[in-house]
Each structure stands twice: as structure tokens, then as C-alpha cells.
Asker: 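This structure is in C-alpha cells; I'll ask about it shortly.
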Amino acid sequence: MITFPKPDVEQFLRTFSIADFAVSPDEKHLVFSTNLSGKYNLWGMDLPNSFPYPLTSIDQSCQGLIYDKKSRFIIAGFDQDGNENTQFYGVPLNGGTMKEIVNHENTRNFMPKLSNDSKKLYYTTSRGNPSFLNSYCLDLESGQERLVLEGKDAATYLFGFSPDEETLLYYKHFANTYTLLYAKKGNEDILLTPPTEKQHTVNDGVFVSDSMIYLLTDYDSDFTYLASYNLETNKFCKVKELENESFTAITYSKENQLLYITSQKGVEDQLYEINLQNENWRNIPVPCSVINKLEVAASGTLYLFGMSATKPHNIYKNTGDEWVSLTKYTVPGVDSNELVEPDIITYPSFDGREIESLFFRAKNENDNGEVIFWPHGGPQAAERKFFRASFQFFLNNGYNIFAPNFRGSTGYGLEFMKMVEGDWGNGPRLDNVAGLDWLIDQGHAQKGNILLMGGSFGGYMALLLHGRHADYFKAVVDIFGPSNLFSFINSVPEDWKPVMDQWVGNPEKDKEKLIEFSPITYLESMIKPMLVIQGANDPRVVKEESDQIVQALKDKGRDVDYMLLENEGHGFSKKENEIAVYQKILSFLRRFTAVKEKV
């Protein structure tokens, strides 16, 4: 009998990911953006076969992926090594030479939409209006384009159009908690939620006829619900609301007159179907905990892209009551029994508010007694039951992981989400401190013996917690976190800048608060060993944010290591970089591991 050694821990990082997918209208072809080759490219499948083949070899991730309405070609957006300056290209169904469609240097392009005859491409761009954005209609045959929407007052995105293409649907992004949806017909702009001084959001919207729109909004409510707006009567109507759930995405099946609603409830998603003819509403079981994207074919077949804590990204097809996985992504060479599902726990914060958290506990045979405290990014996002190869990697190495959804997180209502705005460094910080105290009080960790790690806003929070509460930790990892809120506000993309006053603060009016909330204010207290990781092309948290904190700490003689990735942005798009980063972090953490890992 042959016996095999335990899987190498690096195999957890060899898990492949999917960033996006689309299905051709005739359902004969599927395209998805994946790092199957180690770097992101487009891959295709000739359905019903599920064997993929490469369509591109440019080694860049995709942002925006659609088929032409007659299943003849693909429109795809690509940036360059994470700089987020997305440009649009035409891609043949079977791959090959791409055709440049929209390419303007140093511009950000968003949300491509094809007309019903696929002769025109609608898109939103930073070109000519970097703060508020413009939207154009490009004639793909003549190359002529016309301005159809000029952004004013807030970043303005073209969202869709009516079946007759006479009415445009667009939204204005004043803040993450303040987005308004409009219909534009001729020179008339119609706000689709009733006028109010109270900020609210509209997450999504679809036309079901030339005059009827269904939308997802939290107007006059804490959680997002389904509503409708009739353009003929100018009537807004609440259709369906579920307690403590926020509807996040809506898809319409014209042929079957069905709406599909994705809903977020805490750390998991639900999927609902509503029949517009008889108003029947039903829950559809799904094969994953988090739904990234849903497409509905003309045949009524559902295609879903999702994942769970122990199931990597996969694309599923449903033709009845059964989901079939079209992709077979797993952790290579690792049995599912070796993966860890999180416990969902709640703990009281400083003001009595309950904070929901995920607690990943390493299996007994691996447990080294160490706890990694992980504040998530966003901050208006959440740690959910989705797959993180890095988490399973650390868990298999014996590290437990505690991930709280502090105030500002999504999935807990608009009021909770707004609590981080203008308060980056107080309420959320104290929620995290309460989580640390809970771990200590419950006997899961000892004060001064906790490992701290986070990325993006989580990196900012790791820096701030280090500066203000260093006595809880023994080592800190910051992955592209803002270190100085003044320089951060000044360096974000231009279309982010109009929201910064509400989101973070105003450098003049809120000067004292921003000084208090900036991690770099607390250099004297940052005495624990640190590892800082940064992508050189990051447009959201620019390289200078990490440069300045690293240099300042080195000037004070602190133990700080800096890993700069020259060909990455705000994340890790190349598998060799991802593996190198987490091997580097593991090596760093092992310097402070009290108990030797079991072999």
C-alpha cells in the first residue's frame, strides 16, 4: 500500500480563482476571467462541454465582460498590472487577436453595455470629466461617438436603458451610503425614489418594460428592499421587504417574466425568484454561501458564480432544481475535510452594540495556539463566508483567525454602515478592541500575544490599532493600508475625491480629527515588529502611503520589513506574487509563534 505525505501547505495558495464570467445569448459559449495559468486571462467553454481553453494570453485581469446579442464576439475590459485604467477590447469567441474598441491613455472606463442590435457600445469614462465622469455611445461600425450623459455633482454611471433604448438608467454616487437612481428620457431626468433630505441608496435596477422599472433601495428603511417605479404614472411603490436582509442585486428574465433577487443576510447570501404575473415569491437553494454574480438565459437557465468558506470560486448551472458545477475549482491535493468552516459569533462592543464575527479555529492536530486578528477592508464591506486561500493556508499552519464585522460593515443595515463615515478611527477601532477583549476574556488569546493583520482599510486599522493599542499585539502585518489620512484623501482616484468629505473627512474642517485618526500620528507607540506589503501600481492606496510609514519607523530604528510588488495594484493578480506574499507573511509570523507547528 502506498502512503502519501501530508499536502504541502503551499498547495492551499495554489487554488485558482475566478473574477468574472458571462454566457452567450445562445448558451453555446461561456467565458470567464481566471488565473488558471497563474495569471489572469480569459478562458472559454463550448457548452455543454466544461473543458476550458484560453482565449487571451495578455496576463491581465478583466473588468467588464459581455457578449454581443447575437453571440458573435465578446467585449472585455483590461487594465495594466492593477492600475485600474480599464480599456475595452473586442475578443473573438475562440480567442486570438483582440480589437481595440476604447483606449484612452490614463483614463478609467466602466460598465460597458451593448445596444440591442450590438452596433453601439455605451460606457462610462473618466475622460474629460475625471471627478464626475461622462457616458458615451460609440458606433462600432463608424467609430463615431456621442456624449449621452454628463456627470455633475457626483460620479455618474450609465446603468442601462429601456427595451426601446429611448430611456437611459443612471445613478449618482454621492457616497457609499448615498446613491440615487435616475431615468433620463430626452431632456427629462426623473429621480426614481421620492424626494427626501434623508440619505439613502439604490443598489440596482432593471427595466421590465419601456415604462416599468424595478429597483433595490433602502429609501425610508434601514435595509434594502424591492421597489418599482412607473414612468407613465411617476409612482414609486415598495414591493417586497425581508427582515434584516438587504437585497443586493436584481436580474430580469424577460421571456419568463421572473425577477431574481440576491440578498445579503449577515455573512451569507440568499437567492429569491419573484413571478411578476402572479407575484409568487420563492427562495432558491444555492450551492454556495456568497453569490458573486447571476445570469439568466432566455431559456430560463440560471448561471451562478459563487463561493463558500471552504469552496473556492466556481460557476454553476441550474436547469431545474439541481445545480451542476461547470468549473471544478478545489484546493489542489487537499481533502475538503482539511478545510475549516468558521463559527459565527457575536460579542458586545463598548456601547452595547452586538458585533457579528467569523472565528476560524484551526483543527486540533494543526492548532499552534496562535490567533490572527483580521479587521476587514472596505471599510463599507464585510468579512463573509467566502473563500480565502490565505485563510486556509494560515489555518493549516496552525493559526486561528478572528474576523469581526465592526460598525461600517455591510449587511447590517444602512444605519450601521454609516457609522464609519467621518469616524474611521474611533467607533470601528473600539469595536475591534472589544473583539480583542472578547478573545482574551473567553480564553482564546492572551493580551500581548495576538498577531494583527489586515489589508486596505484593514491595513489602516492594523496600523492604528498598533499605534494606539500596541499592548495587545506581538507582531503586525499591514497590506496596502493608508497611513496618513491627509495624503490618502489627496491621492485617491479623481472620481473618489467628491465623496471623501463624507467618507473620511475634510482636511481643513476636520483637521484635528484626521490627525487623531491617522496612524502616522502614533509612531512613538508603534514598537512591535512589522511587515508592510504594497503594490507599486495601487491607485486606491498609493505606494507613498506605505513608503512614508516604513521610512518613519526605520528612522526610529524599529523592526520593520517592507515588501514592494512592482507589477501589482490593490491586490494580487499574479499567482507567483500571491504565493510569495503569504509565504513571506508566514515566515514573519513564525518568528513570534510560541508553540512549534506540528508536522
Side-chain angles (χ1 to χ4, degrees), residues 15-37 40-57 61-62 64-76 89-96 98 112 114 116 118 249-262 269 271-273 275 282-308 310-332 336 387:
T15 307
F16 300 118
S17 299
I18 298 171
D20 197 3
F21 88 102
V23 179
S24 64
D26 62 10
E27 294 185 76
K28 293 181 179 180
H29 195 258
L30 180 146
V31 61
F32 60 115
S33 174
T34 179
N35 59 354
L36 193 56
S37 63
Y40 276 95
N41 280 291
L42 294 185
W43 289 66
M45 288 181 185
D46 294 326
L47 300 176
N49 301 319
S50 59
F51 187 85
Y53 53 88
L55 300 180
T56 66
S57 56
S61 56
C62 179
L65 189 59
I66 55 174
Y67 277 91
D68 120 85
K69 302 301 176 67
K70 295 183 179 179
S71 304
R72 297 167 298 184
F73 59 86
I74 300 163
I75 298 290
Y89 299 84
V91 182
L93 288 186
N94 294 317
M98 301 192 303
L114 281 168
N116 293 328
S118 293
I250 183 172
T251 307
Y252 177 54
S253 173
K254 178 180 65 175
E255 292 76 12
N256 301 295
Q257 294 192 343
L258 298 172
L259 287 176
Y260 292 92
I261 311 288
T262 301
D269 283 341
L271 179 62
Y272 300 99
E273 175 192 274
N275 189 316
R282 72 181 181 105
N283 179 276
I284 301 176
V286 292
C288 52
S289 297
V290 175
I291 300 170
N292 298 85
K293 185 177 181 179
L294 179 74
E295 286 207 359
V296 186
S299 66
T301 301
L302 303 181
Y303 294 85
L304 183 150
F305 159 41
M307 55 182 167
S308 303
T310 57
K311 290 182 181 179
H313 306 77
N314 275 296
I315 300 168
Y316 302 89
K317 175 181 178 179
N318 185 311
T319 55
D321 294 324
E322 182 182 5
W323 292 95
V324 176
S325 184
L326 298 179
T327 55
K328 309 292 182 182
Y329 285 3
T330 61
V331 181
S336 60
F387 186 82

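Quick note: numbers below take in every heavy atom, side chains included, and nothing from hydrogens, waters or symmetry partners. All figures in this text were calculated on a predicted structure; none of them were measured in a lab.
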Asker: On a heavy-atom basis, which atom in F387 and which in K311 lie closest, and how many Å separate them?
Answerer: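 Smallest interatomic distance, heavy atoms only, reads CB-O, 3.5 Å.
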Asker: Can you see which heavy atom on N256 is nearest to which on A298, and at what distance?
Answerer: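 Distance-wise, the nearest heavy atoms are ND2-O, 4.1 Å.
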Asker: Would you say that L114 contacts Y67 through its side chain, given a criterion of any heavy-atom pair below 4.5 Å between the two side chains?
Answerer: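 They are not in contact (no side-chain heavy atoms under 4.5 Å apart), so the answer is no.
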Asker: How long is the straight-line distance from CD1 of I291 back to OG1 of T262, given to the nearest 0.5 Å?
Answerer: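 Those atoms lie 4.5 Å apart.
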Asker: With the side chain counted from C-beta on, respond yes when L47 and K28 share a heavy-atom pair under 4.5 Å apart, and no when they do not.
Answerer: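 Not in contact.
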Asker: Who passes ring-ring contact (aromatic ring centres under 6.0 Å, His included) against F305, sequence neighbours left out?
Answerer: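 Here the qualifying residues are H313.
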Asker: Would a 4.5 Å heavy-atom cut-off, applied to side chains only, mark V286 and D269 as touching?
Answerer: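 Sidechains of D269 and V286: no contact.
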Asker: For the atom pair CD1 (I261) and CD (E273), what is the distance rounded to the nearest 0.5 Å?
Answerer: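 If I round to the nearest 0.5 Å, the distance is 10.5 Å.
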Asker: Considering only heavy atoms from C-beta outward, does the side chain of Y252 approach that of V296 to under 4.5 Å?
Answerer: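 Side chain of Y252 against side chain of V296, heavy atoms only: no contact under 4.5 Å found.
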Asker: For the pair C62 and L42, evaluate side-chain contact (heavy atoms from CB on, under 4.5 Å) and give the outcome as yes or no after the intermediate values.
Answerer: CA-CA 8 Å; C62 179; L42 294 185; 4.0 Å; yes
Asker: Whether the side chain of N275 engages the backbone of L258 through a donor-acceptor N/O pair (distance < 3.5 Å, no angle test) should be reported.
Answerer: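 No.
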Asker: Which pair of non-hydrogen atoms, one from Y316 and one from G306, has the smallest distance, and what is that distance?
Answerer: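 For Y316 versus G306, the nearest heavy atoms are CE1-O, 4.3 Å.
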Asker: Could you state the interatomic distance from CG (D20) to CG (L65), rounded to the nearest 0.5 Å?
Answerer: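 One finds 5.0 Å between CG of D20 and CG of L65.
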Asker: Give, for atom CG of L294 and atom CG of L302, the distance between the pair rounded to the nearest 0.5 Å.
Answerer: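 Spacing of CG (L294) from CG (L302) equals 5.5 Å.
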Asker: Which pairs with one or both residues in residues 40-56 pass side chain to side chain donor-acceptor pair (under 3.5 Å), sequence neighbours excluded?
Answerer: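 Listed by first then second residue: H29-Y53, N41-T56, N41-D59, D46-Y53, Y53-N94.
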Asker: For Y272, which residues count as a ring-ring contact (aromatic ring centres under 6.0 Å, His included) partner, sequence neighbours excluded?
Answerer: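 Here the qualifying residues are W281.
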Asker: Could you tell me the separation between the OG atom of S24 and the CG atom of L93, rounded to the nearest 0.5 Å?
Answerer: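 The OG atom of S24 sits 7.5 Å away from the CG atom of L93.
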Asker: Working note: T34 + Y329, criterion side chain to side chain donor-acceptor pair (under 3.5 Å); need CA distance, chi angles, decisive distance, verdict.
Answerer: CA-CA 11 Å; T34 179; Y329 285 3; 2.8 Å; yes
Asker: Indicate the atoms forming the closest heavy-atom contact of S71 with P25, along with that distance.
Answerer: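 Minimum heavy-atom separation between S71 and P25: OG-CD, 3.1 Å.
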Asker: Closest approach of D68 and S118, non-hydrogen atoms and distance?
Answerer: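 Of all heavy-atom pairs spanning D68 and S118, the closest is OD1-OG, 3.1 Å.
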Asker: I74 and P92: which non-hydrogen atoms are nearest, and at how many Å?
Answerer: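 In terms of heavy atoms, the two residues are closest at CD1-O, 4.5 Å.
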Asker: Side-chain contact test, heavy atoms from C-beta onward, threshold under 4.5 Å: evaluate it for N318 versus T301 and give yes or no.
Answerer: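 A side-chain contact under 4.5 Å is absent here.
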Asker: Side chain to side chain donor-acceptor pair (under 3.5 Å) between E27 and Y303: does it pass, once the steps are laid out?
Answerer: CA-CA 10 Å; E27 294 185 76; Y303 294 85; 2.6 Å; yes
Asker: If we ignore hydrogens and angles and just use 3.5 Å, is the side chain of S253 paired with the main-chain N or O of G300 as donor and acceptor?
Answerer: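 Flag not set: sc S253 to bb G300 has no pair under 3.5 Å.
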Asker: Test side chain to side chain donor-acceptor pair (under 3.5 Å) on N314 and T327 and set out the steps.
Answerer: CA-CA 5 Å; N314 275 296; T327 55; 2.7 Å; yes
Asker: Just wondering, do T330 and K328 contact through their side chains at under 4.5 Å, heavy atoms?
Answerer: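 They are not in contact (no side-chain heavy atoms under 4.5 Å apart), so the answer is no.
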Asker: To the nearest 0.5 Å, what is the distance between CD on E295 and OG1 on T251?
Answerer: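 These two atoms lie 8.0 Å from each other.
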Asker: On the six-membered ring of F21, is K293 placed so that its NZ or CZ lies under 6.0 angstrom from the centre and within 45° of the ring axis?
Answerer: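 Verdict for F21: a cation-pi partner in K293.
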Asker: Within a strict 4.5 Å, meaning less than it, do heavy atoms of the N283 and L271 side chains meet?
Answerer: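 No; the side chains remain at least 4.5 Å from each other.
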Asker: Apply side chain to side chain donor-acceptor pair (under 3.5 Å) to the pair S308 and T310, showing each step before the final yes or no.
Answerer: CA-CA 5 Å; S308 303; T310 57; over 6 Å; no
